[in-house]
Amino acid sequence: HPAVADAAAVGVPDRHYGQEILACVIVREDRRTAGPDDDPEQPKGLGSLGDTVGAEHEGRYDLVIGNPPWATATRLANWSNLQERVRRLARQRSGEPALAAPIPNEVLDLPFVWRAMEWARPGGQIAFALHARLLFQRGETMPDARNALLASLDVTGIVNGTELRRTRVWPEITAPFCILFARNTAPPPGAGFRFTSPHLEGPLNASGDWRVDAANAEVLPNRDVRARPELLKILFRGSRLDLELYDRIASKGLPTLRDYWAELFGAEKGRPRNMGNGYQRLRKSSRIRKGEEEPGASAAYLHHLPELPKGADLSLLLDVSPFDRFSATRIHDPRPISLFTGPLLLVAESPPVRHGRIKATISLGDVVFNQSFHGYSTHNHPDDSDLAKYLSLILCSRIALWHALITSGRFGFEREVVEKFVLDEIPLPRFECLGSQDRLHLSRLFDTLAQRETDAGWAAVDLWVAKLHGLDAE
């Protein structure tokens, strides 16, 4: 047809009607009829996620397959109606009247899976290509969204294609993806699914092929995945041995860095004191405070302190003596001066992983740093310098990097940097529990690396940190 730019049709055999046809037609831009959905200033409608696909399609199809849009923050009109529809369906199918079934950040792919549960017949097959955030993302209520799906649908298999993005397996796809297979019924007792992550195989992937080894796929109980949001990421980036190590460390009941910092320095408004990101420069959104004529806040209280310059050499021990004094007249919001009081540990906001380690640096003196860094000040602790040195060795160890890799919802999945909140979740043996020999060893390890960083020096740190976590050299 001259008005059609593209079309696709799928025929699904039906014992009664012979063939059920599902079709998608894309109309040429110059032949479209303008309507309210064409106004770029107005939110788009729900389309097939709403009532456009009506009750006549419910329970009609043996198979529903799709590759829906993966967009986020779409601002579709009547989104609350869709959210309520998903919530009602989730509670009905799961039998859990208080089940939360969010759609994080208004992602578009998950609602199509929920609608497919209505379109497929009971016991029918559902298969979708989805963004892999469903598997690994830990923020923005995604764990609740994942749990609601697993409570409402009998997922039978997931192929995690994250490693194969940017290959000819799926040309021009740069986002992590997965393929979900399910039976359209609530999961029965003891339900589980096969989980496999095909790895890069150069010549094979270059020809557009990939290897799915279903025989060696992990069989994961549905209840375990719901109870442990980190499970899929551990098995993707590690193995059952990594899971065993993770459980051994978790069984010791060590506090996270964030919780430990709150124990040592207290908390204010739910956040530990003496830790946080640096100052923010004045910007257009800086507000004018009551009684002042200029936007932002006065920075005079920081003028006596040296400022960490852009591009500074961040060795393990930072020498602030050559740095110029902070000179900005105003900043976006005031930050507590205690945050800039040494000794303190500095970690880049998204610390790059160099040579298999997270990069951190210590300043024994006061220093001002901007929002690109997060600081952990040990000021007012009885052993402030040793505590800062201790934290630096822990965060720079391979144990910390390993923990970030297997638990972060983004590192090693979407991004090649470690978010600060992931660092704050690293389990940390309490500094005050170190014996005299360990404290002496700590000083020797740090002093050696501060003079000259070597592979042998860092290997000794790795071994020491592993022992603190109850692990042996193997």
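If you're wondering where the values come from, they're calculated on a predicted model, not measured in any experiment.
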Given side chains that start at C-beta, do those of Phe195 and Leu232 come closer than 4.5 Å, heavy atoms only?
yes
State which residues pass side chain to side chain contact (heavy atoms under 4.5 Å, CB included) with Ile288; sequence neighbours excluded, sorted by chain then number.
Pro295
Given side chain to side chain contact (heavy atoms under 4.5 Å, CB included), test Tyr390 with Leu468 step by step and report yes or no.
CA-CA 12 Å; Tyr390 173 67; Leu468 292 180; 3.9 Å; yes
Nearest heavy-atom approach of Leu49 to Leu82 is O-CD1, 3.7 Å
Just so I know, are the side chains of Phe431 and Asp383 near enough to count as touching, which here means a heavy-atom distance under 4.5 Å?
yes
For Trp170 and Arg165, indicate whether the former's side chain and the latter's backbone hold a donor-acceptor pair under 3.5 Å.
no
Mind checking what makes side chain to side chain contact (heavy atoms under 4.5 Å, CB included) contact with Arg258, not counting sequence neighbours?
Thr256, Arg271, Pro272, Asp424
Is there a donor-acceptor pair closer than 3.5 Å between any side-chain N or O of Arg335 and the backbone N or O of Asn277?
yes
Donor-acceptor under 3.5 Å (Ser377 side chain, Thr341 main chain):
yes
Electrostatic pair Glu294-Arg289, nearest N-O below 4.0 angstrom:
no
A side-chain contact here means heavy atoms from C-beta on lying under 4.5 Å apart; do Ile362 and Leu364 qualify?
yes
Please walk me through it: do Arg226 and Asn147 pass side chain to side chain contact (heavy atoms under 4.5 Å, CB included)?
CA-CA 5 Å; Arg226 292 187 64 189; Asn147 284 350; 3.6 Å; yes
If you measure from OG on Ser392 to CG on Leu316, what distance do you get to the nearest 0.5 Å?
5.0 Å
Ignoring hydrogens and geometry, is there a side-chain-to-backbone donor-acceptor pair from Ser286 to Leu282 under 3.5 Å?
no
Is there a side chain to side chain contact (heavy atoms under 4.5 Å, CB included) between Arg330 and Ser298 once you walk through the steps?
CA-CA 5 Å; Arg330 301 187 73 80; Ser298 172; 4.3 Å; yes
Considering non-hydrogen atoms only, spot the tightest contact between Phe265 and His379 and give its length.
CE2-O, 3.7 Å
To the nearest 0.5 Å, what is the distance between CG on Asp386 and NE2 on His381?
10.0 Å
Is any side-chain N of the basic residue among Glu292 and Arg287 closer than 4.0 Å to the acidic one's carboxylate O?
no
Between Gln83 and Ile103 (side chain of the first, backbone of the second, donor and acceptor by atom type, cut-off under 3.5 Å), is there such a pair?
yes
Nearest-0.5 Å distance that lies between atom CD in Glu263 and atom CG in Leu428:
10.0 Å
Electrostatic pair Lys359-Glu453, nearest N-O below 4.0 angstrom:
yes
Is the closest side-chain donor-acceptor distance between Asn160 and Thr162 under 3.5 Å?
yes
How far apart are the C-alpha atoms of Ile158 and Leu220, what are their side-chain angles, what is the distance that settles it, and do they pass the side chain to side chain contact (heavy atoms under 4.5 Å, CB included) test?
CA-CA 10 Å; Ile158 295 177; Leu220 304 178; over 6 Å; no
Minimum side-chain heavy-atom gap Val155-Leu180 below 4.5 Å
yes
Pairs under 3.5 angstrom only: tabulate donor-acceptor contacts from the side chains of residues 317-326 to other protein residues two or more places apart or in another chain.
unit_1, atom_1, unit_2, atom_2, d
Asp319, OD1, Ser321, N, 3.1
Asp319, OD1, Ser321, OG, 2.7
Asp319, OD2, Ser321, OG, 3.2
Arg325, NH1, His304, O, 2.8

Show me, pair by pair, the donor-acceptor contacts under 3.5 angstrom made by side chains of residues 105-114, not counting sequence neighbours?
unit_1, atom_1, unit_2, atom_2, d
Glu106, OE1, Arg75, N, 3.0
Asp109, OD1, Arg133, NH2, 3.3
Asp109, OD2, His131, N, 3.1

Beyond-backbone contact of Leu308 with Leu314, side-chain heavy atoms, under 4.5 angstrom
yes
Would you give the length of the straight line joining atom NZ of Lys389 to atom CD1 of Ile394, rounded to the nearest 0.5 angstrom?
15.0 Å
Against the six-membered ring of Phe136, is Arg146 placed for a cation-pi contact (under 6.0 Å from the centre, within 45° of the normal)?
no
Assess whether a salt bridge exists between Asp462 and Arg357, defined as any Lys/Arg side-chain N lying under 4.0 Å from an Asp/Glu carboxylate O.
yes
Side chain Ser239, main chain Leu235, donor-acceptor under 3.5 Å
no
Taking CG in Asp455 as the centre, count heavy atoms belonging to other residues, nucleotides or ligands within less than 6.0 Å. Is the count above 12?
no
Any residue meeting salt bridge (charged side-chain N to carboxylate O under 4.0 Å, His left out) with Asp144, in chain and number order, not counting sequence neighbours
none
Separation between CG of Leu302 and CG of Leu305, rounded to the nearest 0.5 Å
6.0 Å
Any side-chain heavy-atom pair of Ile234 and Phe236 under 4.5 Å:
no
Do the charged groups of Arg87 and Glu84 touch, with an N to O distance under 4.0 Å?
yes
Is the shortest heavy-atom distance from the side chain of Phe446 to the side chain of Val461 under 4.5 Å?
no
Ala100 and Ala148: which non-hydrogen atoms are nearest, and at how many Å?
O-CB, 3.5 Å
Taking Thr378 for the side chain and Pro343 for the main chain, is one N or O donor matched with an acceptor at less than 3.5 Å?
yes
Taking all non-hydrogen atoms of both residues into account, name the closest pair between Asn67 and Ala129 and its distance.
OD1-O, 3.7 Å
Might you work through the salt bridge (charged side-chain N to carboxylate O under 4.0 Å, His left out) test for Lys252 and Asp247, ending with a clear yes or no?
CA-CA 9 Å; Lys252 297 185 179 298; Asp247 288 341; over 6 Å; no
Can a donor-acceptor pair be found, under 3.5 Å and without considering hydrogens, that links the side chain of Trp70 to the backbone of Pro68?
yes
Anything under 30° is parallel, anything over 60° is perpendicular, the rest tilted; go ahead and classify Phe369 against Phe373.
perpendicular
Contact between Ile399 and Leu471 at the side-chain level, heavy atoms closer than 4.5 Å - yes or no?
yes
Enumerate, atom names and distances included, each donor-acceptor pair closer than 3.5 Å involving a side-chain atom of residues 200-210, sequence neighbours excluded.
unit_1, atom_1, unit_2, atom_2, d
Glu201, OE1, Arg211, NE, 3.1
Glu201, OE1, Arg211, NH2, 2.9
Glu201, OE2, Arg211, NE, 3.1
Asn205, OD1, Glu201, N, 2.7
Asn205, ND2, Asp209, O, 3.0
Ser207, OG, Leu204, O, 2.7
Ser207, OG, Asp209, OD2, 3.3

Is there a donor-acceptor pair under 3.5 Å between the side chain of Thr361 and the backbone N or O of Ser315?
yes
Is a donor on one side and an acceptor on the other found under 3.5 Å between the side chain of Arg194 and the backbone of Gly157?
no
Short N-O contact, Arg166 and Glu172, less than 4.0 angstrom:
no
